[in-house]
Amino acid sequence: TITLTTLMKGLCINGEVGKALQFHGTMVAQRFQLDEVSYGTLINGLCKIGQTKAAIQLLQKMEGQVAKPNVVIYNTIIDSLCKDGLVTEARDLFTEIVVQGISVDVFTYTSLIHGFCIMGQWKEVTWFLSEMILKNINPNVYTFNILVDALSKKGNVKEAQNVLAVMIKGGQKLDIVTYNSLIDGYCLINEVNKARDVFNTMAKRGVSANVRSYSIMINGYCKIKQLNEAMSLFKEMQCKNLAPNTVTYSSLIDGFCKSGRISDVQDLVDAMHRRNISLN
RNA sequence: AGAUAUCAAA
C-alpha cells in the first residue's frame with residue numbers, strides 16, 4: 001500500500017492526477033484495499049488542481065469503505081474550500097466533523113483562519129484563534145505567519161508587528177516567511193526604507209534571505225523608482241548564489257520600462273535567455 | 001518507508 005501510495009503521489013506531483021485516479025480505480029476493481037493515506041493522497045491531488053468538488057465526491061465514496069476519512073483528509077478539503085473562497089462551506093464541514101467526534105488540529109484551524117483572512121472576515125479570524133487557544137491547540141509559526149501576512153497586505157504593519165511581539169513572547173521563532181511577509185507589508189505602503197531595516201535585522205537574527213526576500217525588496221525599490229538600489233540587491237543576491245527567477249526579473253523589467261530605460265530592459269531579457277529563465 | 005496548512009512580479 002505504501003509503495004502504491006508513493007507512486008500515486010508521484011503521479012499527482014507530475015500533474016497526472018487523472019492517471020493516479022485511474023490507477024486507484026484498477027486497484028479497487030481488483031479488490032485491493034487502499035487505506036486512508038492513499039485516499040488522502042488522491043484527494044489532495046484533486047484539491048491542488050482546483051477540483052474540490054471531485055475531491056468531495058471521493059470523500060463521500062470513502063464513507064462506505066473500511067478506510068474511513070480522518071482529520072488529514074478533512075483538513076485537505078477544508079483548506080481547499082477556503083482557498084476557493086467557500087469559507088461558509090468550510091466552516092460547516094468543520095462543525096460537522098467536530099460533532100462526529102473527529103479531533104481537529106492546528107492544521108484545521110490554520111486553514112480556516114487563512115480562509116477568513118483571505119475574505120477579510122476578521123471577526124471570524126479572532127473567533128477561531130481564541131477557540132483554538134481555548135482548546136489548547138496552540139497556534140504555530142504557520143498560523144502566526146498567516147496573520148502577519150494578512151495584516152501586512154491590509155496595510156496594517158503596526159498590527160503585524162504586534163503579532164511578531166506575541167510570537168517572541170511565546171517563544172515562537174520567527175522564520176523567513178514571517179520576515180518576508182512583514183518586509184512586503186512595508187513595501188506595499190511605500191515604506192521601503194523600513195522594509196530594508198527589517199531585511200537587515202533578519203540577517204542579524206540569523207535568518208538568511210532567500211530568493212523571495214530579494215524579489216520583495218527589489219520590487220519595493222522598483223515601485224518607488226530606486227532602480228540603483230534594486231540593481232544593487234539584484235547583484236548581491238547572485239553573489240550569495242541565489243538565482244533570480246521570472247518574478248525577480250519581472251519586477252526589474254517593469255521598473256525599467258516605467259522609467260523608459262529600454263536598453264536596460266533589453267539587457268535583462270538577454271540575461272534571462274542566457275540563463276534559460278522562462279519568459280511569460 | 002507514504003497523504004493536509006503560511007510569503008514575492010504582471
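Reminder, nothing fancy here: chain letters follow the sequence lines and each chain counts from 1.
Closest to the side chain of A:Tyr142, from the set B:rA5, B:rA3, B:rA8, is B:rA5. Closest to the side chain of A:Val247, from the set B:rA9, B:rA5, B:rC7, is B:rA9. When each of B:rU4, B:rA5, B:rA8 is scored by its nearest atom to the side-chain atoms of A:Ser215, the top-ranked nucleotide is B:rA8. For A:Arg212, the side-chain atoms get nearest to B:rA8 when compared with the rest of B:rA8, B:rA9, B:rG2. Considering only the side chain of A:Thr246, B:rA9 comes nearest among B:rA5, B:rA3, B:rA9. Minimum atom distance to the side chain of A:Ser111 is reached by B:rA5, of the listed B:rG2, B:rA8, B:rA5. Distance from the side chain of A:Asn219 is smallest to B:rA9 among B:rG2, B:rA5, B:rA9. With B:rA1, B:rC7, B:rA8 as the candidates, the nucleotide lying closest to the side chain of A:Ile2 is B:rA1. Closest contact between the side chain of A:Ser251 and the listed nucleotides B:rU6, B:rC7, B:rA9 involves B:rA9. Among the nucleotides B:rU4, B:rA9, B:rC7, the one closest to any side-chain atom of A:Asn75 is B:rU4.
Side-chain contact of A:Lys158 with A:Asn162: a donor-acceptor pair under 3.5 Å is absent, judged by distance alone.
Classification of A:Lys154 and A:Glu159 as a salt-bridged pair fails, no side-chain N sitting under 4.0 Å from a carboxylate O. A salt bridge links A:Arg196 to A:Glu229: one of the charged nitrogens lies within less than 4.0 Å of a carboxylate oxygen.
Counting atom types as modelled, A:Asn280 pairs no side-chain N or O with a base atom of B:rA10 as donor and acceptor under 3.5 Å. No donor-acceptor contact under 3.5 Å links the side chain of A:Asn210 to the base of B:rA8. In this model, a side-chain donor or acceptor of A:Asn180 finds a partner on the base of B:rC7 within 3.5 Å.
Contact annotation: A:Lys48 reaches the phosphate of B:rA5 (side-chain N/O to OP1 or OP2, under 4.0 Å). Neither OP1 nor OP2 of B:rU6 sits under 4.0 Å from any side-chain N or O of A:Lys153. Taking 4.0 angstrom as the limit, A:Lys83 places none of its side-chain polar atoms (N or O) nearer than this to OP1 or OP2 of B:rU4.
Heavy-atom neighbours of A:Trp122 CH2 from other residues, nucleotides or ligands within 6.0 Å: above the threshold of 12.
The interatomic distance linking A:Leu188 (CG) with B:rC7 (P) rounds to 14 Å, in whole Å. Rounded to an integer number of Å, the gap from CZ of A:Phe94 to P of B:rA5 is 18 Å. B:rA3 atom C1' lies 14 Å from atom CG of A:Leu4, rounded to whole Å. In this structure, A:Asn44 atom CG and B:rU4 atom P are separated by 5 Å, rounded to whole Å. Between the CE atom of A:Met202 and the P atom of B:rC7 there is a distance of 17 Å, given to the nearest Å. Between the P atom of B:rA8 and the CG atom of A:Leu182 lies a distance of 14 Å, rounded to the nearest Å. The separation between A:Phe256 atom CZ and B:rA10 atom P is 16 Å, rounded to whole Å. Between the OH atom of A:Tyr109 and the P atom of B:rU6 there is a distance of 19 Å, given to the nearest Å.
Among the heavy atoms of the strands, none lies under 4.0 Å from A:Asp254. Within 4.0 Å of A:Thr41, counting heavy atoms only, lie sugar-phosphate atoms of the nucleic acid but no base atom. At a threshold of 4.0 angstrom between heavy atoms, the contacts of A:Thr5 include nucleobase atoms, whether or not backbone atoms are also involved. Within the nucleic acid shown, A:Thr178 has no heavy atom closer than 4.0 Å to any nucleic acid atom. Residue contacts for A:Thr1: at a heavy-atom cut-off of 4.0 Å it reaches a base atom on one of the strands shown. Using a 4.0 Å heavy-atom cutoff across all strands shown, A:Asp175 reaches no nucleic acid atom at all.
Partners of A:Lys258 by salt bridge (Lys or Arg N to Asp or Glu O under 4.0 Å), not counting sequence neighbours, listed by chain and number: A:Asp254.
A distance cut-off of 5.5 Å between ring centres, combined with a plane angle under 30°, places A:Phe107 in a stacking arrangement with the base of B:rU4.
Of the possible donor and acceptor atoms, none in the side chain of A:Lys9 sits under 3.5 Å from a partner among the backbone N and O of A:Thr41.
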Only pairs under 3.5 Å count here: list side-chain donor-acceptor contacts from residues 108-116 of chain A, not counting sequence neighbours, and write none if there are none.
from, atom 1, to, atom 2, distance (Å)
A:Thr108, OG1, A:Asn75, OD1, 2.6
A:Thr108, OG1, A:Asp105, N, 2.9
A:Thr108, OG1, A:Asp105, O, 3.3
A:Thr108, OG1, A:Asp105, OD1, 2.9
A:Tyr109, OH, A:Glu131, OE2, 2.6
A:Tyr109, OH, A:Lys135, NZ, 2.8
A:Thr110, OG1, A:Val106, O, 2.6
A:Thr110, OG1, A:Thr143, OG1, 3.0
A:Ser111, OG, A:Asp79, OD1, 3.2
A:Ser111, OG, A:Phe107, O, 3.2

